[in-house]
Amino acid sequence: MAHKRSGGGLTTAQQAAKFLGVSVLAGAVLAGIALPAAGALGLSAKGTAAGFDDLPGELKAPPLSQASKILDSNGGLIATVYSRDRTVVPITSMSPNILKAIVDIEDSRYYEHGALDLKGILRALGNNASDGGTQGASTLTQQYVKNVFVEEAGDDATKVAQATQQTVGRKIKEMKYAIQVEKELGKKKILENYLNITFFGEQAYGIEAASKRYFSTSAKNLTLTQAALLAGMVQSPSRYDPVSNEQTALDRRNTVLSRMAQLKDITPAQAAAAQKAPLGLKVSSPKNGCITAVNGAGFFCDYVRNTFLQNAAFGKTKTDRQKAWDIGGLTIRTTLDPKAQASLLKGISKHVYKTDKYVAADTMVQPGTGKILAMGQSKPYGFGKNQTQLNLSVDRNMGNSNGFQQGSTFKPITAAAALEAGYKPDKAYPSPYQMPTYPDVTTCSGKVIHSTKGTQNESESEVGPYAMPDALKHSINTYFVALEAELGLCPVMNMAAKLGLGRADGTPLWEVPSLTLGTNEVSPLTVAAAYAAFANRGVYCTPIAIESATGPNGKKMTVPKSRCSQAMSQSTADTLNSMLKGVVDDGTGINADLPGRDTAGKTGTTDSRLDAWFAGYTPNLASAVWLGDPFGAGKGGKRLSMDSKENGAPIKIGPRTYDKVEGATGPAPIWRDAMLGALEGTPPATFVTVPLPESPPKNPQGDPTKPPDNGKGPGGTLPNPFPSFTFPPVTTGGNNGGGNGRSGGAGGTGP
C-alpha cells in the first residue's frame, strides 16, 4: 500500500497518477505530450511503451476469426468449422435488450463521455494511488481495443498475457488507441464491434455465437432476461458461466437487471419480474469441425480442408492458407451430392458393419467434370470406438492413408496402353494357368528386368489361348503379364500417368514386372477418377471437391478447377468400354450389374486376399470400392486375409460369412447397391461400343501331340511370343502370385 509523505505530500507514484489525470483533463493526451515518471507508471523498456509519443498512431484491427460453413452441392450444410466460434452480425441484427444491458453494466456513461471517461479515470486514479492497483476506468471503447490485441494474439499464450497484463503501460496504450478508434468509428460502430469480438465463454465469441450457445436463438431475438445474463458474463465468462455456476450466474444477471432499472432503461416492475424468472437455458453443444459433418461426410469434409490448406489458389504460402482458414468466415460450396452420399453409405452399411475388423471405402466421381460426388467408409469419422480419422479413400497427403494394392483393376490401364500402341482386341496369347517366372520386361530407361518370381491364374481351368476381351472378362493374369512384356513397361507407365494414377504415398509407380497385376498401392479416389476417364471416352479430369468459395467479406475466391485432357483416343476408350461392359455382363463383375443401365468395370483381388476391389462406371458416374483390413487386426499387427485358409477361420463381414472374399463377391455388391441409389432419377445413358472378337478355340489339353496335363501346361496351341522364355513343367498350387515386392511379385491373383 502506498503511503503519504510526512507533511501530507504525495509519493512519486501518486504524483505521476495525478499528472496522468490532469494531462487527460487538459487534453494533453490528444496533444501527444510524453508522460513523466515513466518508471513509476510501469512504462519500462521491457513491458509496454517508452512514452506516449512513441506509440504508433493507428490501431490496425485484425479481421475477426469466424466460423466457416462447408456446404454440399445443393447448398445444404455439411459442417461448421472454426478456430473461434463467431458469426459477425450488424448492430441491426442485435436485440435492443443486449445493447442496453451491455452499456448499463459495463459503461453506463458510454454515450456521454469521449473515448476516455475522465470521471472514471479520476476515481480510479484516486483508488489506485492509495492501494497501488491499476483497476477500473476502462470504457467500452478501451475494452474493445484490448480485445483487438487479444484477437491479434490468437492462440499464442505469451501474446495473450501481454495483451491482458494489468499494468499502467497497457492502459496508456488502450487510451491512445481508444481516442483514435472513437474518432474514426463512432459510438454505434464501436458497440457493434465490441459485441462481435467479446468472449462469452463456452467457446463462444461474439453475441451471435453466445446467443446460440446458451439459448439456441439469435442475437436479434434475445429477451430481456437472456440479454442481462449474457451482458453480465462479459466481466468474467468463467466465473459467471451459467452452465457450471448456475447460482452465481443468476445473481449476476439480477445485478444487471437492477442496474438497468436504476438507469431507467427498464422499469422497476420489469426488473422485479425478470429477476424471478429462471435462467431458461437451452444450451447447444459446440459444433466444430468435420466431426460434426452430416450424412457421414466427415472424411469428405476433411478432404475439403486439406484441399484448401494445400492448394495455392487459396494463398501463396502454407502460412497464408492456414491463416485464412483460421480467420474463417468462409462459405465453401462443395461437389458433394447428398443423394449420392446417402446411397454410398447405405450401400456400404448393408454389406459391412462398423464393428467389423474389415473396412470398406468408396468414392464416386462424375465423368467429364472430375467432381467428387460422394466419399465414405464403413467405420465412421471420429475418435471413438469403431471410428477413425484415417481417410482410406484418398492419398496420404490428403488423409494419411498409404493406399492399397490395386490388383486386377489395373489391367484395363495395360489394355488401354496396348490399344493406343496399335494392338488389336484380337491379340491373343497362350496364357497358361501358371507362369513360374515373369518374362523379361523393359523399363522406360531401357533396363531389362529379369525376375525370379511369377504368377498364376485364379483357377486351373483358366488356360488359353485368350484374346483381350475374354482375358479382361475372366481376369487372366498370365495374359496380361505376356501383353505387358511384349508392349514394354513404359507405355503402361505413361498411360497410368495420363490417367492420374500414382502411388498413394506420393512416390512414382514401381516399374516392375507385376505392374499390370496392380502391385502398387493406390487410393480409391485415384482409381475412380481414372475409370471416369474411360466413361468420358478417354478424357481424364483431375478430381475436385470445391465448386465455389467466398471469403469473410462475401468476396468470391478463386477455386481450383478440374484440368481435363485426352488420355487416350475415343476409339481406344470405346473399345475398352465394350470389353469392360462384358466383364459386368457375364464376367467376373456380374454381381455389379445395374439393371437397365450400361455398366462397365473390373474386379480386383490381391495376394493372400488382403485387398479386394471393384471399380466401375456408367456413362455418367464412376466409383471404386475397396475392402480389406487396413489397421492390422491380426496377430502382431498383421493385416487379416480374407481367405479362410489363410486366416484360419471363416471370414465374417457384415451379414455374410465367406470362405474367401474376392472383388466379385465383396466389393462388387457394395458398388452395385451404392450406385443404384446414386443414379436414381438419372436417365440411363449408353456407351459407344464396338464389335469384339472372340478368343481362339481353346485346347484344354494343351498341345494335342502331348499327353493331357489337366490344364496345368503352357496353354493353347499359339506360338510362344517370347523365344527366350520357356514354360517349365509345374504342379498344382504354384506360388499364388509370388509376393508383392518391388522385385516383381504379383499384386493381383483373382477376380
Can you name the side-chain hydrogen bond (donor to acceptor under 3.5 Å, both in side chains) partners of [X], sequence neighbours left out?
| X | answer |
| --- | --- |
| Thr388 | none |
| Glu484 | none |
| Ser623 | Asp362 |
| Asp337 | none |

Side chains of [X] and [Y]: donor-acceptor distance under 3.5 Å anywhere?
| X | Y | value |
| --- | --- | --- |
| Ser523 | Asp395 | yes |
| Asn397 | Gln310 | yes |
| Ser641 | Asn647 | no |
| Thr572 | Thr575 | no |
| Lys371 | Ser562 | no |
| Lys602 | Ser475 | yes |
| Tyr433 | Glu462 | no |
| Ser408 | Lys411 | yes |
| Gln434 | Thr478 | no |
| Thr443 | Ser445 | yes |
| Thr363 | Ser393 | yes |

With side chains defined as the heavy atoms from C-beta onward, is the minimum distance between [X] and [Y] less than 4.5 Å?
| X | Y | value |
| --- | --- | --- |
| Trp626 | Val527 | no |
| Val304 | Asp302 | no |
| Gln341 | Met364 | no |
| Phe404 | Leu392 | yes |
| Tyr531 | Thr409 | yes |
| Thr588 | Lys473 | no |
| Ile653 | Met642 | yes |
| Gln406 | Thr526 | no |

Taking the side chain from [X] and the backbone from [Y], do they hold a donor-acceptor pair closer than 3.5 Å?
| X | Y | value |
| --- | --- | --- |
| Thr605 | Glu662 | no |
| Ser578 | Val690 | yes |
| Asn457 | Ser459 | no |
| Arg333 | Ser73 | yes |
| Ser514 | Leu517 | no |
| Asp356 | Tyr353 | yes |
| Thr307 | Arg305 | no |

For [X], enumerate each residue passing the ring-ring contact (aromatic ring centres under 6.0 Å, His included) test, keeping only those at least two apart in sequence or located in another chain.
| X | result |
| --- | --- |
| Tyr540 | none |
| Phe687 | Tyr617 |
| Tyr303 | none |
| Phe308 | Phe314, Trp325 |

| said: For residues 561-592, which residue pairs pass the disulfide bond (SG atoms under 2.5 Å apart) check, not counting sequence neighbours? | reply: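 Of all non-adjacent pairs touching residues 561-592, those that pass disulfide bond (SG atoms under 2.5 Å apart) are Cys541-Cys564.
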With a 4.0 Å cut-off, would you call [X] and [Y] a salt bridge?
| X | Y | answer |
| --- | --- | --- |
| Asp643 | Lys660 | no |
| Lys447 | Glu511 | no |
| Lys339 | Glu680 | no |

Please name the pair of heavy atoms, one in [X] and one in [Y], separated by the smallest distance, quoted to 0.1 Å.
| X | Y | value |
| --- | --- | --- |
| Leu627 | Val352 | CD1-CG2, 4.0 Å |
| Ser431 | Tyr466 | CB-CD1, 3.6 Å |
| Gly384 | Gln387 | N-OE1, 2.8 Å |

Roughly how far apart are [X] [atom1] and [Y] [atom2], rounded to 0.5 Å?
| X | Y | atom1 | atom2 | answer |
| --- | --- | --- | --- | --- |
| Thr442 | Ile449 | OG1 | CD1 | 8.5 Å |
| Arg609 | Thr665 | CZ | OG1 | 8.0 Å |
| Asp673 | Ser343 | CG | OG | 8.0 Å |
| Glu547 | Asp72 | CD | CG | 10.0 Å |
| Leu419 | Lys427 | CG | NZ | 12.5 Å |
| Leu640 | Leu610 | CG | CG | 9.0 Å |

| In this structure, are over 12 heavy atoms from other groups packed under 6.0 Å from Arg656 atom CZ? |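 Check passes, neighbour count above 12.
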| If you draw a 6.0 Å radius around NZ in Lys652, do more than 12 non-hydrogen atoms from other residues or ligands fall strictly inside? |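 Counting neighbours around NZ of Lys652, more than 12 heavy atoms of other residues, nucleotides or ligands fall under 6.0 Å, so yes.
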Quick test of your reading: applying salt bridge (charged side-chain N to carboxylate O under 4.0 Å, His left out), list the pairs with at least one residue in [range], sequence neighbours left out, ordered by first then second residue.
| range | result |
| --- | --- |
| residues 492-505 | Arg503-Asp505, Arg503-Glu521 |
| residues 415-424 | none |
| residues 618-640 | Asp611-Arg639 |

| field | Verdict with supporting geometry, Asp574 and Arg537, salt bridge (charged side-chain N to carboxylate O under 4.0 Å, His left out) | value | CA-CA 6 Å; Asp574 294 343; Arg537 300 193 74 189; 2.6 Å; yes
| task | For a side-chain contact (heavy atoms from CB on, under 4.5 Å) with Thr455, tell me which candidate from Thr437, Asn477, Thr516 qualifies. | result |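 Going through the options one by one, the only one that passes is Asn477.
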| Are the aromatic rings of Tyr381 and Phe299 close, with centres under 6.0 Å apart? |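 Yes, the ring of Tyr381 comes within the 6.0 Å limit of the ring of Phe299, centre to centre.
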